[in-house]
A.B. asks: 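Below you'll find the structure I mean.
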Amino acid sequence: MATAHEGDGALGDVIDPELPASTYVLEPEIVAPLVRRVVTSHGAGTHRSELPFTGAPLAAVPLSSPQDVVGATRAARAAQHDWAALPLRERARVLDRLGVLVLERQSEILDLIQMESGKSRRNAFEEVADIAQTCRHFVRRAERYLADRREPGALSVLTGVRVHRRPVGVVGIIAPWNFPLTLALSETVPALLAGNAVVLKPDPQTTLSALWASELLAEAGLPDDLFAVVAGGADIGAELVDHVDHVAFTGSTETGRKIAARAGERLIGATLELGGKNPLYVAADADLDRAVPGVLRACFTNAGQLCMSSERLVLHERIAERFLERFVPAVRALTLGTGLDYTADVGSLVSADQLERVAGHVDDALAKGARALVGAVHRSDVGPYFYAPTVLDDVPDDAACRHEETFGPVVAVTRVGGDDEAVRVMNDTHFGLHASIWSTDVARARRLAARVETGTVVVNDGYLHAWGSAAAPMGGMKASGLGRRHGREAIEAVTETQSVVAQRGHGLGISVDALYELGGDVPSRVLTGALRAMRRLRMP
Ligand code: NAD
């Protein structure tokens with residue numbers, strides 16, 4: 001992707017009044033067609049995003065006003081009726097095409113994701129692969145997930161029940177910055193397939209990736225107004241909740257609680273994918289050759305800014321020292337880099353705020369007596385927000401990183417004497433998003449998994465197979481969320497059931513009404529007999 005140099009022209013029709021256009025990293029011809037897709041009006045303001053690799057201004061992105069949110073949801077609602085009326089296969093054709101296009105045009109979005117979030121290209125590619133996977137899964141399975149269901153009625157022979165699924169209408173998606181493409185589209189795909197419109201509010205730092213997703217949906221053939229992007233911060237997110245029929249939020253637990261309260265006031269559904277303090281247990285019988293590289297990915301993918309990242313490393317004492325002897329040098333050997341290529345293992349943190357949070361957690365733990373086995377340094381030699389992958393030992397219970405989510409490349413070691421203690425330690429948190437167990441005895445690992453209080457547990461992997469299993473529900477227990485993304489549950493979240501119950505014998509005079517007309521205790525006696533017979537016949 002081309003970048004701008006000193007003296008290049010203006011940023012299309014979007015000008016940050018505080019900065020000459022020549023100082024932006026991204027070329028105007030790349031930014032202008034994207035920012036034209038923001039629902040905005042004159043005077044709503046501009047957000048200046050930053051290139052995390054250097055701290056330089058990346059682009060000026062127009063913001064939306066609360067009135068723009070009202071306009072976007074109104075237009076989405078109008079477009080949604082015709083969209084829902086289309087046969088499913090026509091909606092599926094658009095989403096199938098999206099899955100093809102995202103792979104074809106991956107180099108554009110890989111650049112954009114890296115430049116907006118600071119992540120390594122390998123981690124950016126996981127987002128591309130995820131969307132191709134999500135499209136394929138839902139295109140293949142939507143018919144099954146949306147199919148009408150026949151159910152037994154009040155009086156089996158006399159009552160016929162069909163349960164239909166109807167789209168809720170307009171789904172609002174509020175997303176953070178850490179997976180700009182995945183979180184723009186992974187809930188959009190099932191929502192659109194189910195016949196909804198979508199209005200997305202991305203994080204201000206990663207709006208361009210969301211706008212690229214909007215461009216791709218248009219190219220895939222999505223009619224106008226069915227997917228809109230509103231840009232802004234908390235105020236625009238809150239406004240969106242006030243105008244949609246379901247909100248799908250990904251972000252911090254603190255914000256999730258506010259959104260749930262607002263959705264509750266409006267009696268709309270909310271799916272909340274929130275934070276985690278995910279444990280990873282290496283059992284005594286784990287294959288360390290496989291575990292060491294796997295645990296590296298589990299802890300340091302996306303520089304730890306991944307909701308499913310492992311921040312608590314629970315080691316069986318029989319293998320703890322052997323594991324650390326191999327793990328610590330492997331962490332030290334991870335390469336950090338800013339290239340728009342596949343050379344670096346680990347990228348940058350996204351911002352100064354994120355650096356402050358991560359460094360704050362590490363400094364706090366060290367001050368309270370923890371030891372750094374590796375890392376614990378700000379790598380300003382690579383870029384302003386780079387932080388070295390860090391392994392902490394002897395972290396005291398009152399250290400912030402013991403229980404709070406760090407959301408960075410920091411993992412704390414705990415040693416345990418056996419599986420029971422491991423389960424206790426894994427569950428010792430108010431979060432419940434994800435856990436990982438490493439053992440050569442998969443059956444035993446499954447039994448342990450059943451005792452862990454998290455929405456997903458993966459055996460002999462960090463997170464990739466859990467996230468990548470698009471058919472399997474994914475989400476959090478406890479303070480990690482409400483509802484699930486992926487699979488049937490994703491479709492159920494954005495549809496309402498409608499039960500149509502028909503009396504079959506009505507025209508023939510065989511109905512409850514006809515029975516009631518017999519008067520006296522006859523109806524009760526007949527119904528008592530019918531209920532007894534239905535029980536004896538084991539009718540559901
Ligand atoms: P955040 O909660 O601060 O912000 C997330 C989004 O919500 C942003 O778009 C923000 O503008 C918006 N927002 C903030 N306040 C709002 C309000 N009052 N009303 C409506 N919208 C509001 O989260 P963050 O710090 O940007 O993201 C990191 C967090 O996201 C971490 O806790 C991480 O674990 C979580 N996360 C969870 C998952 C998951 O699937 N469980 C995935 C990725 C990230």
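All heavy atoms count here, side chains included; hydrogens, waters and symmetry mates do not. Just so you know, ligand 1 is whichever comes first in the structure, and atom 1 is the first atom listed for that ligand. In this text, all values refer to a predicted model and were calculated from it rather than measured experimentally.
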A.B. asks: Run the salt bridge (charged side-chain N to carboxylate O under 4.0 Å, His left out) check on Arg402 and Glu311 step by step: do they pass?
C.D. replies: CA-CA 9 Å; Arg402 190 88 198 167; Glu311 296 195 353; over 6 Å; no
A.B. asks: Show me, by chain and number, every protein residue that has a heavy-atom distance under 4.0 Å to ligand 1.
C.D. replies: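 Contacts of ligand 1 under 4.0 Å: Ile174, Ala175, Pro176, Trp177, Asn178, Leu183, Lys201, Pro202, Asp203, Gly233, Ala234, Gly237, Ala238, Phe249, Thr250, Gly251, Ser252, Thr255, Lys258, Ile259, Glu273, Leu274, Gly275, Cys307, Glu405, Phe407, Leu433, Arg485.
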A.B. asks: Any side-chain donor paired with an acceptor under 3.5 Å for Trp438 and Ser436?
C.D. replies: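 Yes, a side-chain donor-acceptor pair sits under 3.5 Å.
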A.B. asks: Verify the distance criterion only: is there a donor paired with an acceptor across the side chains of Ser120 and Asn123 at less than 3.5 Å?
C.D. replies: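 On atom types as modelled, these side chains qualify, holding a pair under 3.5 Å.
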A.B. asks: Looking at Asp364, Leu392, Val362, which hits side-chain contact (heavy atoms from CB on, under 4.5 Å) with Cys401?
C.D. replies: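 Testing Cys401 for a side-chain contact (heavy atoms from CB on, under 4.5 Å) against Asp364, Leu392, Val362 leaves exactly one candidate, Leu392.
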A.B. asks: Counting only pairs under 3.5 Å, give me each side-chain donor-acceptor contact of residues 296-304, with atom names and distances, residues two or more places apart or in other chains.
C.D. replies:
from: Thr301; atom 1: OG1; to: Arg297; atom 2: O; distance (Å): 2.7
from: Thr301; atom 1: OG1; to: Tyr463; atom 2: OH; distance (Å): 3.4
from: Asn302; atom 1: OD1; to: Lys119; atom 2: NZ; distance (Å): 3.4
from: Asn302; atom 1: ND2; to: Asn178; atom 2: O; distance (Å): 3.2
from: Asn302; atom 1: ND2; to: Gln305; atom 2: O; distance (Å): 2.9

A.B. asks: Within the side chain of Asn427, is there an N or O that forms a donor-acceptor pair under 3.5 Å with the backbone of Glu453?
C.D. replies: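 The answer is yes, because a donor-acceptor pair under 3.5 Å joins these two groups.
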